[in-house]
Peer 1: 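First the structure, then my questions, so here it is.
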Amino acid sequence: MTPASITPATSTSVLLRAALLLALATPAMADTPKPALEAPPFEPAKVNLARLISCQDQPEAFLSLAIAVQEPLNAVSLGWRPLPQTNMFMTEYALNQPVTVFGHRSDHIAFAGSAVMAILDLPDPRPLAKELTLETAVDTPEKAMFGKELLSEEFIDPKTGKAMVRSAVLSVSNVTSHPGKTLVGCTYSIDPLEEEEVPAEPAPSAPPTPPVAPSTVAAPPTASR
């Protein structure tokens with residue numbers, strides 16, 4: 001196992017992953033994140049919403065918060081007020097104290113699957129995506145989505161001894177349910193590390209059969225006269 005590392009990536013596969021995670025168009029987004037590890041205890045005093053939204057925190061911190069706020073009283077203890085659901089795949093809150101993310105203040109956040117987002121009063125997400133040097137995943141008149149994987153870190157689960165990988169994908173997008181708004185946030189995950197498949201070596205071929213030398217038949221002795 002190589003040492004843990006944090007590496008940025010902008011490959012097509014990463015962008016597609018960000019697009020799928022923040023498209024807000026598939027029923028899977030409404031599911032509660034299924035942790036690969038046990039969530040750490042919820043400690044309201046340690047919640048740093050700005051860091052979580054801007055992909056500067058760890059997946060474990062997100063996991064603890066995402067599970068905790070399923071209990072409404074925990075959300076209230078953080079100064080959050082549940083909002084009417086305008087998108088069936090998003091759980092939204094109004095904040096008593098606005099959060100500042102990438103220089104923009106917002107009192108409106110949302111959770112969607114394994115993502116936490118700030119909803120900004122920006123009609124076009126493209127300038128912010130350019131400022132953050134994100135790569136384009138989708139850019140059409142109806143839909144714009146940009147992303148970059150900022151964290152990809154391998155580690156060993158101390159309880160199981162299995163190799164795991166924690167990741168964080170920063171995304172900027174819009175969504176039809178919130179016209180005139182820009183969603184900026186982070187998608188966190190902890191998954192088993194997929195081992196690269198090593199192609200099987202071909203079975204050694206049988207050595208070629210050596211040619212059979214022609215047998216020499218002795219001529220019968222000639223009868224003497």
Side-chain angles (χ1 to χ4, degrees), residues 7-31 33 47-57 59 62 65-66 69 78-152 167-189:
T7 57
T10 57
S11 66
T12 302
S13 62
V14 167
L15 295 175
L16 290 176
R17 180 183 180 190
L20 291 172
L21 290 171
L22 287 183
L24 305 179
T26 59
M29 293 298 297
D31 294 342
V47 173
N48 190 323
L49 193 56
R51 284 182 57 84
L52 283 167
I53 292 172
S54 57
C55 272
Q56 297 177 26
D57 218 323
F62 167 81
L65 177 62
V69 297
L78 294 168
W80 302 359
R81 289 176 286 112
L83 293 174
Q85 194 168 25
T86 57
N87 183 308
M88 66 181 297
F89 305 115
M90 296 167 59
T91 302
E92 302 176 49
Y93 299 93
L95 307 179
N96 291 341
Q97 296 293 329
V99 63
T100 300
V101 183
F102 302 119
H104 298 274
R105 285 168 60 86
S106 177
D107 62 358
H108 189 178
I109 65 167
F111 286 79
S114 56
V116 57
M117 301 165 285
I119 301 177
L120 309 178
D121 289 323
L122 296 176
D124 186 357
R126 295 169 183 84
L128 179 58
K130 182 178 180 180
E131 176 187 334
L132 299 176
T133 65
L134 305 184
E135 298 294 326
T136 303
V138 178
D139 193 355
T140 68
E142 297 79 21
K143 182 67 180 176
M145 185 173 298
F146 309 87
K148 183 191 295 185
E149 186 174 58
L150 299 184
L151 171 69
S152 180
S167 67
V169 177
L170 178 65
S171 295
V172 170
S173 66
N174 59 11
V175 64
T176 55
S177 60
H178 293 66
K181 305 289 186 180
T182 289
L183 282 59
V184 57
C186 191
T187 301
Y188 293 95
S189 65

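Just so it is clear, the model here is predicted, and its values are computed rather than measured.
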Peer 1: Taking the side chain as every heavy atom from C-beta outward, state whether Gln56 and Asn48 have any atom pair closer than 4.5 Å.
Peer 2: no

Peer 1: Measuring from atom OG of Ser171 to atom CE of Met117, what distance do you get when rounded to the nearest 0.5 angstrom?
Peer 2: 9.5 Å

Peer 1: Cys55 and side-chain contact (heavy atoms from CB on, under 4.5 Å): which partner among Val184, Val169, Leu150?
Peer 2: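 Result for side-chain contact (heavy atoms from CB on, under 4.5 Å) with Cys55: Leu150.
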
Peer 1: Restricting to non-hydrogen atoms, name the atom on Ala115 and the atom on Thr187 that form the minimum distance, rounded to 0.1 Å.
Peer 2: CB-OG1, 3.4 Å

Peer 1: For the CD atom of Glu92 and the OG1 atom of Thr86, what is their distance to the nearest 0.5 Å?
Peer 2: 4.0 Å

Peer 1: Calculate, to the nearest 0.5 Å, the distance between atoms CG and CE belonging to Asp139 and Met145 respectively.
Peer 2: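 One finds 11.0 Å between CG of Asp139 and CE of Met145.
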
Peer 1: Just how far is it from atom CD of Glu149 to atom SG of Cys186, taken to the nearest 0.5 Å?
Peer 2: 10.0 Å

Peer 1: Within the 4.5 Å heavy-atom criterion, are Ser167 and Ser189 side-chain neighbours or not?
Peer 2: yes

Peer 1: Does Val69 form a side-chain contact (heavy atoms from CB on, under 4.5 Å) with Thr91? I'd like the steps, not just the answer.
Peer 2: CA-CA 10 Å; Val69 297; Thr91 302; over 6 Å; no

Peer 1: With a 4.5 Å cut-off on side-chain heavy atoms, are Leu120 and Leu128 touching?
Peer 2: yes

Peer 1: Can you confirm whether Phe146 sits close enough to Lys130 that some side-chain heavy atom of one is under 4.5 Å from a side-chain heavy atom of the other?
Peer 2: no

Peer 1: So do Leu151 and Tyr188 actually touch side chain to side chain, heavy atoms under 4.5 Å?
Peer 2: no

Peer 1: Side chains of Glu142 and Thr176: donor-acceptor distance under 3.5 Å anywhere?
Peer 2: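 Distance-only check fails for Glu142 and Thr176.
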
Peer 1: What verdict does the side-chain contact (heavy atoms from CB on, under 4.5 Å) test give for Leu132 and Lys148, after you've listed the backbone C-alpha separation in whole Å, the side-chain angles of each residue and the deciding distance to 0.1 Å?
Peer 2: CA-CA 9 Å; Leu132 299 176; Lys148 183 191 295 185; over 6 Å; no

Peer 1: State the NE2-CG distance between His104 and Leu122, to the nearest 0.5 angstrom.
Peer 2: 5.0 Å

Peer 1: Measuring from atom NE2 of His108 to atom CG of Asp121, what distance do you get when rounded to the nearest 0.5 angstrom?
Peer 2: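 His108 NE2 to Asp121 CG: 10.0 Å, rounded to 0.5 Å.
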
Peer 1: Where do Val101 and Ala118 come nearest, in terms of heavy atoms and distance?
Peer 2: CG2-CB, 4.3 Å

Peer 1: Could you report the tightest heavy-atom contact between Met90 and Ile119, atom names first, then the distance?
Peer 2: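 In terms of heavy atoms, the two residues are closest at CE-CD1, 4.0 Å.
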
Peer 1: Mind listing the closest non-hydrogen atom pair of Ser54 and Phe102 along with its distance?
Peer 2: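 Looking at all heavy atoms of both residues, the shortest contact is CB-CZ, 3.5 Å.
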
Peer 1: Do the non-hydrogen side-chain atoms of Asn174 and Lys143 ever get within less than 4.5 Å of each other?
Peer 2: yes

Peer 1: Determine the minimum heavy-atom distance between Ile53 and Ile109, stating which atoms define it.
Peer 2: CD1-CG2, 4.1 Å

Peer 1: Using the rule given for side-chain contact (heavy atoms from CB on, under 4.5 Å), can you reason through Leu65 versus Leu78, listing the C-alpha separation, both sets of side-chain angles and the distance that settles it, and then say yes or no?
Peer 2: CA-CA 10 Å; Leu65 177 62; Leu78 294 168; 3.7 Å; yes

Peer 1: Could you check whether any side-chain heavy atom of Asp57 comes within less than 4.5 Å of a side-chain heavy atom of Phe62, counting everything from C-beta outward?
Peer 2: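 Asp57 does not reach Phe62 side chain to side chain.
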
Peer 1: Please report the shortest heavy-atom distance between Val175 and Asn87, naming the atom on each side.
Peer 2: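 Val175 and Asn87 have their closest heavy atoms at CG2-ND2, 3.7 Å.
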
